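I have placed the structure first, in the form of structure tokens, so that the comments after it can refer back to it.
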Number of protein chains: 2
Amino acid sequence: MNAANQEIKRGRKYGQVLNGAWEVFRRDGFEGASVDDIAREAGVSKATLYSYFPDKRLLFLEVAKGECCRQATESSDLIPCTAAPVTVLTGAATRMVDFFLSDFGMRVFRICVAESDRFPELGREFYRNGPALARARLVDYFHEAEARGELRISDKDLAADQFAELCKADLFSRLVFGVGGPISAADRTRVITGAVETFLARYGGAG
Amino acid sequence: MNAANQEIKRGRKYGQVLNGAWEVFRRDGFEGASVDDIAREAGVSKATLYSYFPDKRLLFLEVAKGECCRQATESSDLIPCTAAPVTVLTGAATRMVDFFLSDFGMRVFRICVAESDRFPELGREFYRNGPALARARLVDYFHEAEARGELRISDKDLAADQFAELCKADLFSRLVFGVGGPISAADRTRVITGAVETFLARYGGAG
DNA sequence: GAAAAGATGAACTGCCCGGTTCATCTGTTG
DNA sequence: CAACAGATGAACCGGGCAGTTCATCTTTTC
């Protein structure tokens, strides 16, 4: 569709290469992944791989871009925003927690951080059609809810960011630093309800 | 003092090596740092370096451990906890934001994330004498403040985590994903006051 | 000042990896 | 069947890096 794709030859095994590359990249990161490993994982010869992609770096960018798009379209299912704020916010919090506790969310985050020097545009790309979308949707909802008198928020951008951060309480450190053992369903509901309660304590119209 | 230190020979240029290694590691990460670079940066021959440390991995662990300890002892200056909650919390928030916006905080975080596969114990070590200390101090303060009737918190651990997360709103994403340009003093105060206000809206005794 | 301990630097080994090449094989199309 | 494009794999190149070695130089110690 765009210029970047035109630079890259397509062929029968194009998809195989992308899938195998994503598998190895997310397992080993950019430096850790060897092109031989990728070719083996994709069930493709190294020569074939290099006939599609000029080098490892572009292959990585293509894979990451594809995954971000997939993620963006996948999570574009909206919420019914007319329900009570507790309901809407709990749903949003659940989806956010599910995401960054997911295998995918964690791996992408890891790679973004680890490769932020080599691929600064990668983090921006991921943010743009990931967290930024969620944030925009939240802000939209805040406007509607405020019009209905359900919420009262002066700095809606900050409120959205605060809500997202509240959803990470406890869980995020445990994941990133490997502390506190596996995360149970009870842990998740504790954090989610806590986030919603704290948020509504500040911004709830009935507060 | 402990077993690990006994395994490592000391010598005149021991400190030089550690300093140079830290410099290169925090600049280039673990994989990115070459032992030759470290030796050059430390003003020491490679042979000398290897006479102290059996391999690159142990050198890295020693450096990271030392930095974590230094950081832990450095930030052990307590807060006067009898002031009004707004004051105490604003002070705490400022210190937290300063930390994870600092060069050091960001680099250590990056390395922890990037090297979490190779060095899972590193993240735990960092958390133990970094965020965990701050959290414990906050929880202690919550107990005292609650006894004075200034705060009302049922789940104090969760509250401490929420407060820490609130301090990261907006700022964290911008740092990690390289979005939204440099962070101004106004950005910081906006987030800090917002965090304190939201926290007190939920847990403030006078709320 | 002499012996011992430590430091030097430069060369060297072995390994891994990114990228290239090429002769050969396979599948498709007319 | 013939022609052709794509796929193959194995060998190869060049470079970088971890780790070793060693003969020589410097510093400490007595």
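The sequence lines fix the lettering, A, B, ..., with proteins before strands; numbering per chain opens at 1. For clarity, every value in this text was computed on a predicted model and none was experimentally measured.
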Would you indicate what B:A39 reaches in the nucleic acid, counting non-hydrogen atoms under 4.0 angstrom: base, sugar-phosphate, or nothing? nothing
d(CG, A:D28; P, C:dC17) in whole Å: 10 Å
Nearest to the B:A47 side chain among D:dT8, D:dC17, D:dT21, which nucleotide is it? D:dT21
Look at the side chain of B:S45 and decide which nucleotide, out of C:dG19, D:dT20, C:dG9, has an atom nearest to it. C:dG9
Closer than 4.0 Å, any side-chain N/O of A:Y52 to the OP1 or OP2 of D:dA7? yes
Side-chain (B:R202) to main-chain (A:A201) donor-acceptor, under 3.5 angstrom: no
Using atom OH of B:Y50 as one end and atom C1' of D:dT20 as the other, report the distance to the nearest whole Å. 10 Å
If only side-chain N and O atoms of A:T48 are considered, is one of them under 4.0 Å from the OP1 or OP2 phosphate oxygen of D:dT8? yes
Is there a donor and acceptor pair, one atom on the side chain of B:K46 and one on the base of D:dG19, closer than 3.5 Å? yes
Decide yes or no on salt bridge (Lys or Arg N to Asp or Glu O under 4.0 Å) for B:D170 and B:R190, but give the supporting numbers first. CA-CA 10 Å; B:D170 181 48; B:R190 165 174 172 261; 3.7 Å; yes
B:K13 side chain N/O closer than 4.0 Å to the phosphate oxygens (OP1, OP2) of C:dT8? yes
Is the side chain of B:E67 donor-acceptor paired with the backbone N or O of B:W22 at a distance under 3.5 Å, no angle test? no
Does B:F109 form a ring pair (Phe, Tyr, Trp, His ring centres under 6.0 Å) with B:F172? I'd like the steps, not just the answer. CA-CA 11 Å; B:F109 176 74; B:F172 188 73; 5.6 Å; yes
